[in-house]
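Each remark here refers to the structure printed beneath this line.
Values below: all heavy atoms of this structure, side chains included; hydrogens, waters and symmetry mates excluded. Predicted, not measured: the structure shown is a model, and the values here were computed from it. First the proteins, then the strands, lettered A, B, ... as listed; each starts at 1.
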Protein chains: 2
Amino acid sequence: MNLPAPKTPTADVLYERIETMIAEGQVKDGERLDEMRLARDFGVSRTPLREALRLLSGTGLVELIPNRGAFVRQPDFTRLVEMFEVMAEVEAWCARLAAGRITKAQLLLLRKAASACEAALQAQDYKRYYVENATFHTMIYEASGNGFLAEEAANLHRRLKPFRQAQLSFGDRLSQSMIEHREILLALEAGDAARADAVMRNHIRVQGSIYEEYRQSMSGEREVAGQQAS
Amino acid sequence: MNLPAPKTPTADVLYERIETMIAEGQVKDGERLDEMRLARDFGVSRTPLREALRLLSGTGLVELIPNRGAFVRQPDFTRLVEMFEVMAEVEAWCARLAAGRITKAQLLLLRKAASACEAALQAQDYKRYYVENATFHTMIYEASGNGFLAEEAANLHRRLKPFRQAQLSFGDRLSQSMIEHREILLALEAGDAARADAVMRNHIRVQGSIYEEYRQSMSGEREVAGQQAS
DNA sequence: TTTTCTATTTTTGTATACGATATATTTGTA
DNA sequence: TACAAATATATCGTATACAAAAATAGAAAA
């Protein structure tokens, strides 16, 4: 391949590492992220670390208080459900739009992506599955015909990644996921906007509830406050 | 007031200034933003400037290419329409949810905000109008009962700000806007989700088309390519 | 004249250093 | 003993400095 040297910027690497730390609960909610300490641990200087923290503040995972520092904003159950609810609505909208606008060529590629997902699943290659699944969804975002929406949807998808990964190895959710992919594909081929919307909405929503199950299953170690939503 | 020293971080100030530069077309699409040159012009060092550029890359206004620099991503007409279309959908969803969940107390505050908008308009204080209008909309986001959605909506609102401001002094769009605010308020009071959705959707959509008019009116100086969306 | 390789220059990425601000501790007084 | 003020310490924000990568220009060869 023509990958002489990917050269991922340090700040981006740090972004993902800290994101994972927060998602996995290695740092508690409200905890202050010590710049110097983290810089030492990661073996980098404060400069790229600060850039990563600023990036994280953009996605709401940390709060940056001027002259005070960076504080972890660990999403509680309520917030996680809210996040997946938004993702479900956005994906459903994309699917609805795509049903009326998707091209033959895009449909062909989408079918390929769906097959690739199934292949990865049969090979039990979860890492590859995740990539292929992302491709499948991204294609639907793009088929919506609204480039800005597609970007935002992809962004949201990326931000939810750490919270979605936790459920990958959970039950046979994945085989069910495959069936849903096929259903979405059929709805888009038929140009059935309402059906595409409904199936996609359910497809995403379930991810949220599964996550909740998962979290509850691994002992209620860290009790989460659960601020009122309404 | 208790503003001893707001102490806004330099990076955030730079973010807004560059955002404005892009919105006002002071920098052309695809143009490279020279770090050292900008740092000199703004009278700051490269460090906070780089943080601002990273922030801008998060909102899609600039593209950061590793070891190459920051390049302006000037939204074309198509993209602007797409952005307002997404905003309309999001706001409409908020309104729809709010219709079923808004509390008496929130309704009271919303009425106040609407009145404050009208007062600012009558005083021809457009700056104040903008603030009050933002308050009105933010309250509806929060009334949706989904905190994450509210944050995302507020974020989007903020990102669209530079492109919305251009139309402030345009025609008597504002008095029409007031009427729509009242209609939204009525729909929420009545708990009429469908109506709240429809009115809000139109309320935002119009902003997008007005913008387009505005841009077209000020001579087609900078011809915009208009990449195909679908 | 065109092409390719190399050397120079420019610019990005990262580290370090210094000044400013907030927090913690200590001391003095009521 | 409790509370307030002042000092001390730690951390953040910004500037500067250095190293690595890419763009550019020039020279040599086809």
Side-chain angles (χ1 to χ4, degrees), chain A residues 1-19 21-22 26-74, chain B residues 1-22 26-73:
Chain A
M1 305 310 175
N2 55 355
L3 315 175
K7 284 290 161 201
T8 322
T10 310
D12 293 349
V13 178
L14 295 175
Y15 174 90
E16 286 194 15
R17 292 193 60 174
I18 299 173
E19 183 184 53
M21 282 173 64
I22 295 174
Q26 294 176 25
V27 287
K28 289 188 289 292
D29 183 58
E31 189 174 326
R32 193 175 66 84
L33 292 172
D34 190 317
E35 285 183 4
M36 292 204 292
R37 182 182 158 74
L38 279 176
R40 269 198 301 105
D41 291 352
F42 288 134
V44 298
S45 84
R46 278 178 56 217
T47 311
L49 188 86
R50 279 176 59 81
E51 289 182 357
L53 288 177
R54 238 171 212 296
L55 243 14
L56 284 161
S57 83
T59 66
L61 281 175
V62 308
E63 187 179 359
L64 247 48
I65 302 178
N67 291 320
R68 294 281 298 278
F71 296 85
V72 178
R73 283 286 163 268
Q74 175 87 260
Chain B
M1 304 311 176
N2 55 356
L3 318 173
K7 283 291 158 201
T8 322
T10 309
D12 293 349
V13 178
L14 295 175
Y15 174 91
E16 287 195 14
R17 292 193 60 174
I18 299 173
E19 183 184 53
T20 307
M21 283 173 63
I22 296 174
Q26 293 176 26
V27 287
K28 289 189 290 291
D29 182 60
E31 189 174 326
R32 192 175 65 87
L33 291 172
D34 190 317
E35 285 183 6
M36 292 202 293
R37 180 183 161 72
L38 279 177
R40 271 198 303 104
D41 292 352
F42 288 134
V44 298
S45 86
R46 278 178 56 218
T47 312
L49 188 86
R50 279 175 60 81
E51 289 183 356
L53 288 176
R54 238 173 212 293
L55 244 12
L56 283 161
S57 85
T59 66
L61 282 175
V62 309
E63 188 179 358
L64 248 47
I65 303 178
N67 291 321
R68 295 283 298 279
F71 297 85
V72 178
R73 282 288 164 266

Which nucleotide in the list [options] gets nearest to the side chain of [X]?
X: A/T47; options: C/dA15, C/dA22, D/dA15; answer: C/dA15
X: B/R46; options: D/dA15, D/dC12, C/dT12; answer: C/dT12
X: A/R32; options: C/dT12, D/dT11, C/dT14; answer: D/dT11
X: A/N67; options: D/dG13, D/dT11, C/dA15; answer: D/dG13

Roughly how far apart are [X] [atom1] and [Y] [atom2], rounded to 0.5 Å?
X: B/I18; Y: B/Q26; atom1: CD1; atom2: CD; answer: 11.5 Å
X: B/L56; Y: B/I22; atom1: CG; atom2: CD1; answer: 5.5 Å
X: B/L33; Y: B/E63; atom1: CG; atom2: CD; answer: 12.0 Å

- [ ] Nearest-nucleotide wise, let me know which of A/R68 and A/S45 is further upstream toward the 5' end of DNA chain C.
- [x] A/S45
TODO: Give the minimum heavy-atom separation between A/G60 and A/R73, together with the two atoms involved.
DONE: O-CB, 3.5 Å
- [ ] Tell me what A/R37 touches on the nucleic acid: a base, only sugar-phosphate, or nothing, going by heavy atoms under 4.0 Å.
- [x] nothing
Open item on the list: Under 4.0 Å, heavy atoms only, any strand: does A/R54 hit a base, just the sugar-phosphate, or nothing?
Closed with: nothing
Protein-nucleotide distance ([X], atom [atom1]; [N], atom [atom2]), rounded to Å:
X: B/E35; N: C/dT10; atom1: CD; atom2: C1'; answer: 12 Å
X: A/F42; N: C/dG13; atom1: CZ; atom2: P; answer: 20 Å
X: B/L64; N: C/dT12; atom1: CG; atom2: C1'; answer: 10 Å
X: B/L38; N: D/dA15; atom1: CG; atom2: C1'; answer: 17 Å
X: A/E63; N: D/dC12; atom1: CD; atom2: C1'; answer: 16 Å
X: A/L33; N: D/dG13; atom1: CG; atom2: P; answer: 13 Å
X: A/L49; N: C/dG13; atom1: CG; atom2: C1'; answer: 15 Å
X: A/D34; N: C/dA22; atom1: CG; atom2: P; answer: 18 Å

Open item on the list: Please determine whether side chain to side chain contact (heavy atoms under 4.5 Å, CB included) holds for the pair B/E35 and B/L53, giving the CA-CA distance in whole Å, both sets of side-chain angles, and the decisive distance to 0.1 Å.
Closed with: CA-CA 9 Å; B/E35 285 183 6; B/L53 288 176; 4.1 Å; yes
